[in-house]
Amino acid sequence: MKCTIGEVKHHVGESVTIGCWLNKKRSSGKIQFLQLRDGSGYIQGVVVKSEVSEDVWDAASKLTQESSLYITGKVKEDTRSKGGFELDVTGVEIIQITEEYPITPKEHGVDFLMDNRHLWIRSPRQRAVLVIRAQIIQAVQQFFNERGFHLVDPPILTPSSCEGTTNLFHTKYFDEDAFLTQSGQLYMEAAAMALGRVYSFGPTFRAEKSKTRRHLIEFWMIEPEMAFVDHAENLEVQEQFVSHIVQTVLQNCAQELETLERDTSKLEKIKGSFPRITYDQAVEFLQKNGHEFEWGEDFGAPHETAIAAEYETPVFITHWPTEIKAFYMKPDPSRPEVVLCADMIAPEGYGEIIGGSQRIDDPELMEQRFKEHELSKEAYQWYLDLRKYGSVPHSGFGLGLERTVAWICGLDHVRETIPFPRLLYRLYP
């Protein structure tokens, strides 16, 4: 019977055949211990010389790191192994013997590992990260599907910037100028006017020449948009959303978190309501704690880290200065110099993982913003139409997938959070 390593728990006492790779091997002379992987998990295959044919013993002896094979054996429970099961090997069919596999158990430099990223992702640690990433994506979809959201796919090629910035990748769209999207948000606002509650999940691009541990050139964003939802309701959705993601990973990825040596006690606290402080309060805190900072400036990584260190859960920083936020954010009616927005800062120094706001729904104010930001009415006329034909209060946010993966996994750098990262000066593999 053919099965995967992940399915062996259903076949205790039975003989199964698994297509797999050799992760590593050790031998005591009369017994060979094969550490095997197939993508669904890991299992140890035990080959006892006195219990198998000479051909099987010789085949097992030839196996090298990352050799591919079909292995046959009887499944038995083994509480000492991480997976809880072991394979008493009766047959080995070699598919390919690997020679001089580049990534060995010794230490390798980051550049070497990144050059060999296509092979590095086979390692237990990298596999664990990618499994957790996949679980987060599944949790995202589950959260929105259960709450009546519709998945909408915005375009990747756009005629203009979403946020009025110049950090865009330029290309030619036949005879017109076009850009790789930095956000699908504006299109999601249009979709919300048709479907009520929507979300997108797709790649976005920023042409910033940044080399920090928090930045990628190509990354994935989850961007919900909700009609008839105000700023306060928007924050409630965000905290429910993040709590759901973290608790789902804790429930379904215990083994992967253990592989990463993640302190799960910190993640177990991510539930319920999150603290909220205003931008004003954040500035006052920074100034009192030795940071030279003026009202109206944006926070950098050291500022976010200092603020986050005061909390065990994510914290919202709300009501930012209008001048440093995007043109579409709605001013606070009682204080127009700040907008109804919030950044969610993750604990443990991982920085902003969500940015969101209530959007401007007044057509006259949006026209005014266009003039102030010198935006092209020709490129954005369709966006202005949303305020002209049945405008309603609406809100939304964007969650950066890779930063969220880095935080939940406890990683030092976002380059490990995506299968093939695009970084400054790195387009290979």
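In this text the structure is predicted, and so the values were computed from the model without any measurement.
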Enquirer: Look at the side chain of Tyr350 and the backbone N and O of Leu411, then say whether any donor-acceptor pair between them is shorter than 3.5 Å.
Expert: yes
Enquirer: Taking atom CZ of Phe420 as the centre, report whether more than 12 heavy atoms of other residues, nucleotides or ligands fall under 6.0 Å from it.
Expert: yes
Enquirer: Would a distance-only check, ignoring hydrogens and angles, find a side-chain to backbone donor-acceptor pair under 3.5 Å from Ser68 to Gln96?
Expert: yes
Enquirer: Is it true that the side chains of Trp295 and Asp280 contain a donor and an acceptor less than 3.5 Å apart?
Expert: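 Distance-only check passes for Trp295 and Asp280.
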Enquirer: What about the rings of Tyr383 and Tyr187, do their centers lie closer together than 6.0 Å?
Expert: no
Enquirer: Are any non-hydrogen side-chain atoms of Ile418 and Phe219 less than 4.5 angstrom apart?
Expert: no
Enquirer: Quick check on Glu378: does its CD atom have over 12 non-hydrogen neighbours (other residues, nucleotides or ligands) under 6.0 Å away?
Expert: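 Atom CD in Glu378 is not packed in, count stays at 12 or less.
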Enquirer: Please check: side-chain N/O of Thr322 versus main-chain N/O of Val338, any donor-acceptor pairing under 3.5 Å?
Expert: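 Answer holds: yes.
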Enquirer: Considering residues, nucleotides and ligands other than Asp412, do more than 12 of their heavy atoms fall under 6.0 Å from its CG?
Expert: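 Counting other residues, nucleotides and ligands, CG of Asp412 stays at 12 neighbours or fewer.
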Enquirer: Just by distance, with hydrogens left out, do Glu236 and Gln240 show a side-chain donor and acceptor under 3.5 Å apart?
Expert: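 Side-chain D/A pair, Glu236 to Gln240: absent.
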Enquirer: Do the side chain of Asn116 and the main chain of Leu119 share a donor and acceptor less than 3.5 angstrom apart?
Expert: no
Enquirer: Is it true that a side-chain atom of His303 and a backbone atom of Gly300 form a donor plus acceptor pair closer than 3.5 Å?
Expert: yes
Enquirer: Both conditions, 6.0 Å and 45 degrees, for the charged tip of Arg37 above the ring of Tyr42: are they met here?
Expert: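 No, cation not above the ring by the 6.0 Å, 45° rule.
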Enquirer: Could you label the plane-to-plane angle of the Phe144 and Phe241 rings as parallel, tilted or perpendicular, counting under 30° as parallel and over 60° as perpendicular?
Expert: tilted
Enquirer: Flag yes if more than 12 heavy atoms outside Lys24 fall under 6.0 Å of its NZ atom; otherwise flag no.
Expert: no
Enquirer: Hey, are Glu374 and Arg369 close enough for a salt bridge, meaning a charged N less than 4.0 Å from a carboxylate O?
Expert: no
Enquirer: Taking it one step at a time, do Tyr199 and Glu223 satisfy side-chain hydrogen bond (donor to acceptor under 3.5 Å, both in side chains)?
Expert: CA-CA 5 Å; Tyr199 76 102; Glu223 297 183 282; over 6 Å; no
Enquirer: Do Glu189 and Tyr328 pair up side chain to side chain, a donor and an acceptor below 3.5 Å, judged on atom types alone?
Expert: no
Enquirer: May I have all residue pairs that pass side chain to side chain donor-acceptor pair (under 3.5 Å) and include part of residues 143-156, sequence neighbours excluded?
Expert: Gln142-Glu146
Enquirer: Donor-acceptor pair, Arg403 side chain versus Gly351 backbone, under 3.5 Å?
Expert: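 Side chain of Arg403 to backbone of Gly351: no pair is present.
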Enquirer: Could you check whether Phe143 and Phe149 have their ring centres less than 6.0 Å apart?
Expert: no
Enquirer: Can you check whether His413's main-chain N or O pairs, donor with acceptor, with Thr417's side chain at less than 3.5 Å?
Expert: no
Enquirer: Do NZ/NE/NH1/NH2 and the carboxylate oxygens of Glu348 and Lys269 come within less than 4.0 Å?
Expert: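 Salt bridge flag = no for Lys269 with Glu348.
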Enquirer: Flag the pair Arg387 and Glu364 as a salt bridge only when some basic side-chain nitrogen lies within less than 4.0 angstrom of an acidic carboxylate oxygen.
Expert: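 No salt bridge links Arg387 with Glu364.
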Enquirer: Rounded to the nearest 0.5 Å, what separation is found between the CD1 atom of Ile43 and the CG atom of Asp78?
Expert: 9.5 Å
Enquirer: For the pair Phe205 and Phe169, name the ring-plane relationship: parallel under 30°, tilted 30 to 60°, perpendicular over 60°.
Expert: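 Phe205 and Phe169: perpendicular rings.
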Enquirer: Judged by modelled atom types alone, do Gln126 and Glu416 share a side-chain donor-acceptor pair under 3.5 Å?
Expert: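 Yes.
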Enquirer: For Ile270, is there any backbone N or O sitting under 3.5 Å from a side-chain donor or acceptor partner on Gln247?
Expert: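 Yes; at least one donor-acceptor contact below 3.5 Å.
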Enquirer: What do you reckon, is NZ of Lys371 surrounded by more than 12 foreign heavy atoms closer than 6.0 Å?
Expert: no
Enquirer: Do Tyr101 and Trp21 have ring centres separated by under 6.0 Å?
Expert: no
Enquirer: Taking atom CD as the centre, does Gln138 end up with more than 12 heavy-atom neighbours from other residues, nucleotides or ligands that are less than 6.0 angstrom away?
Expert: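 Not buried by this count: 12 neighbours or fewer within 6.0 Å.
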Enquirer: Is Ser40 reaching over with its side chain to a backbone N or O of Gly6, donor-acceptor style, under 3.5 angstrom?
Expert: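 Checked: pair present.
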Enquirer: Thr278 side chain to His319 main-chain N or O, any donor-acceptor pair under 3.5 Å?
Expert: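 Answer holds: no.
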